[in-house]
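Take a look at the structure set out below.
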Amino acid sequence: MDKVRKLVLTTWRPVLQVTRMCCDAKVKNLVAFPEVNIGEGKLKYILAKVYVHGEMGQSKTVIRGVSRVKYHLDVYDQLQKEANKLDLCTQCLGGGIMVHDNDKHYIKIYGRSQTLGRADHHEAREVLHEHDKYSSYKIDAESGGQDA
């Protein structure tokens, strides 16, 4: 029994250390992942969760908004590529339309995505307000709205 214990302990400790290093790197990637990346003008935007694979408890809500795309899925595809490079996973929470006027410090959020469904615009507003760049902006989030 002592031989088995020595064998298990000597092989288990290095495996555990490698696992911790791998998980720590993914968590660092998640912490460094930007919450907000939006353009200016009228945008199709998505609200999504980014997380470490298998650990939904460690997630971050992010917003991506792009002006020159035809579909909300194109915005989500860009987010997935960005997250996959850092070995992170994504879950889309919905989409809508965003009008961003940088000069007036104003953002209007409304509408829905035909494919991804309606994002929680009030949650999107909170994510934007928490971001340093948009904390001073006036942000209107409509509860009803038009189709995107």
Side-chain angles (χ1 to χ4, degrees), residues 8-9 11-148:
V8 168
L9 286 177
T11 57
W12 175 248
R13 284 184 183 135
V15 169
L16 187 61
Q17 289 174 342
V18 169
T19 304
R20 282 185 185 148
M21 286 182 355
C22 177
C23 291
D24 288 345
K26 289 179 183 180
V27 171
K28 286 177 186 174
N29 287 342
L30 179 63
V31 169
F33 198 83
E35 290 91 359
V36 179
N37 187 358
I38 59 173
E40 195 169 342
K42 188 173 181 180
L43 318 166
K44 291 194 186 266
Y45 93 94
I46 61 159
L47 187 67
K49 292 266 188 206
V50 177
Y51 60 95
V52 175
H53 181 72
E55 297 183 33
M56 279 293 288
Q58 295 182 352
S59 67
K60 182 184 260 190
T61 303
V62 300
I63 295 176
R64 294 295 182 268
V66 182
S67 60
R68 296 189 177 176
V69 294
K70 192 169 183 179
Y71 302 107
H72 286 90
L73 276 176
D74 297 331
V75 181
Y76 185 59
D77 287 343
Q78 289 177 13
L79 174 66
Q80 281 185 311
K81 288 176 186 173
E82 186 182 350
N84 286 340
K85 286 179 186 175
L86 298 173
D87 206 18
L88 298 171
C89 299
T90 60
Q91 177 187 11
C92 189
L93 303 175
I97 302 293
M98 183 181 291
V99 179
H100 177 204
D101 188 338
N102 200 24
D103 296 333
K104 294 181 181 177
H105 285 253
Y106 176 75
I107 296 175
K108 180 179 181 180
I109 305 169
Y110 64 95
R112 62 184 299 272
S113 164
Q114 294 283 331
T115 308
L116 302 174
R118 183 182 173 280
D120 184 345
H121 301 319
H122 295 287
E123 184 177 356
R125 181 177 61 193
E126 293 303 315
V127 171
L128 288 168
H129 270 300
E130 290 172 5
H131 194 273
D132 292 337
K133 184 176 179 180
Y134 305 105
S135 62
S136 64
Y137 275 54
K138 179 179 184 328
I139 302 173
D140 290 333
E142 294 184 0
S143 56
Q146 307 164 350
D147 287 342

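In this chain, numbering begins with 1 at the start of the sequence shown. Because the structure is predicted, anything quoted here is derived from the model rather than measured.
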Quick one: closest heavy-atom pair of [X] and [Y], and the distance?
X	Y	result
G94	A119	C-CB, 3.5 Å
G95	L116	N-CB, 4.4 Å
V50	A83	CG1-CB, 4.5 Å

Taking the side chain as every heavy atom from C-beta outward, state whether [X] and [Y] have any pair of such atoms under 4.5 Å apart.
X	Y	value
I107	D101	no
Y51	Q91	yes
L43	I38	yes
H131	V127	no
K60	L30	yes
V36	K133	no

Just how far is it from atom [atom1] of [X] to atom [atom2] of [Y], taken to the nearest 0.5 Å?
X	Y	atom1	atom2	result
K42	K108	NZ	NZ	9.5 Å
E35	D132	CD	CG	9.0 Å
L79	C92	CG	SG	8.0 Å
L47	H122	CG	NE2	12.5 Å
T90	R64	OG1	CZ	10.5 Å
R125	E142	CZ	CD	11.0 Å

Is the number of heavy atoms from other residues, nucleotides or ligands under 6.0 Å of Y71 OH greater than 12? no
Less than 3.5 Å apart, any donor N or O on the side chain of Y76 or S113 sitting next to an acceptor on the other?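 The criterion, which ignores hydrogens and geometry beyond distance, is not satisfied for S113 and Y76.
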Looking only at side-chain N and O atoms, does Y110 offer a donor or acceptor that is under 3.5 Å from a partner on D140? no
Residue pair F33, L88: steps toward the side-chain contact (heavy atoms from CB on, under 4.5 Å) verdict: CA-CA 9 Å; F33 198 83; L88 298 171; 4.0 Å; yes
Side-chain (H121) to main-chain (G111) donor-acceptor, under 3.5 angstrom: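 Here the side-chain-to-backbone pair exists.
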For Y137 and Y134, take the angle between the two ring planes, folded into 0 to 90°, and tell me which bin it lands in: parallel under 30, tilted 30 to 60, perpendicular over 60. perpendicular
L128 and M98: side-chain contact (heavy atoms from CB on, under 4.5 Å), yes or no, with the steps? CA-CA 12 Å; L128 288 168; M98 183 181 291; 4.1 Å; yes
side-chain contact (heavy atoms from CB on, under 4.5 Å) between I46 and I63: does it pass, once the steps are laid out? CA-CA 6 Å; I46 61 159; I63 295 176; over 6 Å; no
Is the shortest side-chain N to carboxylate O distance from D87 to K26 below 4.0 Å? yes
Let me see the working for T115 and H72 under side-chain contact (heavy atoms from CB on, under 4.5 Å), right down to the final yes or no. CA-CA 8 Å; T115 308; H72 286 90; over 6 Å; no
